Amino acid sequence: MRDPLTALTDAFTSFLFGKVETTRLPVRTSTGQAQAVYLPTAAPGLGDSGVIIGREVYSGKGYIYDPFQLYGQQLPAPHWLVLGESGNGKSALEKTYVLRQLRFRDRQVVVLDAQGEDGVGEWNLIAEKMGITPIRLDPMAALDHGIRLNPLDPAITTTGQLALLRTIIEVAMGHGLDERSGFALKVAHSYVNETIVERQPVLSDIVEQLRHPEPESAEAMNVAIEDVRAWGLDVALVLDRLVDGDLRGMFDGPTTVGIDLDAPLIVFDLSHIDRNSIAMPILMAIVGVWLEHTWIRPDRKKRIFLVEEAWHIINSPFVAQLFQRLLKFGRRLGLSFVAVVHHLSDVIDGAAAKEAAAILKMASTRTIYAQKADEARATGRALGLPRWAVEIIPTLTPGIAVWDVNGNVQVVKHLVTETERPLVFTDRAMTESSSDLLSHDALRAAEREAEERAAAFMEQHIADLDGSSESTVA
């Protein structure tokens, strides 16, 4: 019951001014019909601190990403996986990202450049513009006083040297070392380090000691000297490939003087190495350990380690384990690992599926460019992408990608400035970007068409999802 005074007041007010309060009945409708009332909003961005990548397709907002700024708040790990077919813009993204990161004074980048044309790597032009000489690992050039990296460099700890030697051998042999072979290698390495002090020990010293072990090493384990020699024979044959085989010249001498590990950009040019040969994972292993012990230091610098053709790493169990340790160790010292892979199936169905899963789990950021529908579905299952993102991946055009930053999934258009364009879109990069084939106006038209197609796809997708579900709007 209402208060009599309140009822009298309401009646008098209604007589003078008309009824001022109405009862609104609820209207039953669908979200598809009510979308004009409740306008869509874009997903929140990643903040405004870091490097700009481009803009989010549906909202037009600038998209800014920096793993060092996001680490610990929105990112559990600063590592990044980039996927996609050739010709969709992976190369352009990598290069502009590195160029923009290097504008910060506390950034340093190492690139393993595994592809190129005209006798140089894909990053050669950028290195030249920055006044940096790439570290070009070439078996032919190495024979003529080219670049050498010594696995027994004193800058690498004794433990690191032995681990590197084991990894090289296991990669080449395709299986782990047994106890006897491991013992022979350990004895040879220990003897070389103890007796050679006037110069850098080199691989040929290890090979010689494996062929002619010292009697003391056999006596220490109460075995015959012939047994120790037999245990080390296979190891000696594998290492001999780096001394007198097809990889000779690059690792069988003292480290080349003058390699500047303090430069803002360090490029290892591996373009002269057959990407499908066993040489590539061996190179990756040597470079990875060499960097771990000579480059990563507790000096408060933020470091980026970008690896092209990264499936060569993840597809080898022994090299994958090495890099997995590097990622865990580097996270404490400000290292962001960027792996560029064409197809996820190259690694998750490979010989190192277990190790690959561990490395992929560390990558809290995943960027996926256009893939075929079957590949997109497999990628979505492996990475746990939402269904709408999986469906849109095959429709993406060059320069547009799905970004998943620890569950924050958005569609982003990568933007390249006119200053960056000559450095990013070169003749040697044609396998990575179709932008070279388009005129300026045609490129803009293609970009607008891509945005319109993506927006139309999402509108239809939302309508399909919501058209059948009803909600009550008061």
Side-chain angles (χ1 to χ4, degrees), residues 50-57 62-67 80-103 107 109 111-118 120-130 134 265 267 269 271 304-310 336 338-343 365-371 393 395-405 410-451 454:
V51 297
I52 186 164
I53 300 298
R55 65 170 178 260
E56 203 275 325
V57 168
Y63 192 82
I64 296 174
Y65 170 77
D66 192 304
W80 180 17
L81 175 68
V82 183
L83 292 168
E85 301 272 1
S86 294
N88 285 285
K90 297 195 306 296
S91 178
L93 175 65
E94 300 157 27
K95 291 174 181 176
T96 56
Y97 176 73
V98 167
L99 288 170
R100 295 167 190 178
Q101 281 282 5
L102 289 177
R103 291 183 175 272
R107 302 290 196 265
V109 181
V111 176
L112 297 194
D113 185 4
Q115 53 189 352
E117 295 179 8
D118 303 327
V120 295
E122 190 177 354
W123 286 77
N124 187 70
L125 183 58
I126 290 177
E128 283 184 350
K129 293 296 183 182
M130 295 187 63
L265 175 64
V267 177
D269 184 347
S271 60
I304 299 169
F305 187 16
L306 190 150
V307 182
E308 302 218 30
E309 303 290 334
S336 173
V338 184
V340 184
V341 180
H342 284 246
H343 306 285
T365 301
R366 289 83 68 91
T367 300
I368 304 97
Y369 283 90
Q371 297 178 331
I393 287 173
T395 73
L396 297 174
T397 52
I400 298 179
V402 170
W403 282 66
D404 177 7
V405 182
Q410 300 191 46
V411 181
V412 179
K413 175 185 175 182
H414 172 224
L415 297 179
V416 182
T417 67
E418 294 302 322
T419 302
E420 295 168 328
R421 190 171 296 278
L423 298 175
V424 170
F425 297 129
T426 64
D427 290 339
R428 290 187 299 276
M430 284 181 67
T431 56
E432 276 296 298
S433 174
S434 60
S435 299
D436 310 339
L437 308 179
L438 299 175
S439 68
H440 185 79
D441 292 339
L443 178 61
R444 293 293 180 267
E447 290 174 345
R448 286 194 298 272
E449 180 184 355
E451 292 180 13

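A quick note: this is a predicted structure, and the numbers were derived from the prediction, not measured.
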CZ (Arg55) and CD1 (Ile400) are apart, to the nearest 0.5 Å, by 9.0 Å
From NE2 (His414) to CG (Asn88), nearest 0.5 Å: 13.5 Å
Once you round to the nearest 0.5 Å, how far does CG of Asn124 lie from CG of Asp269? 7.0 Å
Check whether any side-chain heavy atom of Leu396 lies under 4.5 Å from a side-chain heavy atom of Val411, and answer yes or no. yes
Atom pair CZ (Arg366) and CG (Leu83), whose distance is rounded to the nearest 0.5 Å: 9.0 Å
Which atom names give the shortest non-hydrogen contact between Pro134 and Ala127, and what distance separates them? CG-CB, 3.9 Å
Which is it for Ile53 and Trp403 under the side-chain contact (heavy atoms from CB on, under 4.5 Å) test, yes or no, and what are the steps along the way? CA-CA 11 Å; Ile53 300 298; Trp403 282 66; 3.7 Å; yes
Closer than 4.0 angstrom, basic N to acidic O: yes or no for Glu122 and Lys95? yes
Search all heavy atoms of Ile304 against all heavy atoms of Gln101 and return the closest pair with its distance. CD1-CG, 3.6 Å
Taking the side chain as every heavy atom from C-beta outward, state whether Leu93 and Tyr369 have any atom pair closer than 4.5 Å. yes
Tell me if a side-chain donor or acceptor on Asp113 pairs with a main-chain N or O of Trp123 at a distance below 3.5 Å. yes
Nearest heavy-atom approach of Met130 to Leu265 is SD-CD2, 3.8 Å
Give the minimum heavy-atom separation between Val340 and Glu94, together with the two atoms involved. CG1-OE2, 3.1 Å
side-chain contact (heavy atoms from CB on, under 4.5 Å) test vs Tyr97 passes for just one of Val82, Asp66, Thr367, Val51, namely Val51
Heavy-atom side-chain proximity of Val98 to Leu306 below 4.5 angstrom: yes
Is Lys90 paired with Glu308 through a side-chain N to carboxylate O contact shorter than 4.0 Å? no
As an exercise, state the distance from CD1 of Ile368 to CG of Leu81, rounded to the nearest 0.5 Å. 7.5 Å
Correct closest heavy-atom pair for Gly84 and Gln371 would be N-NE2, 4.1 Å
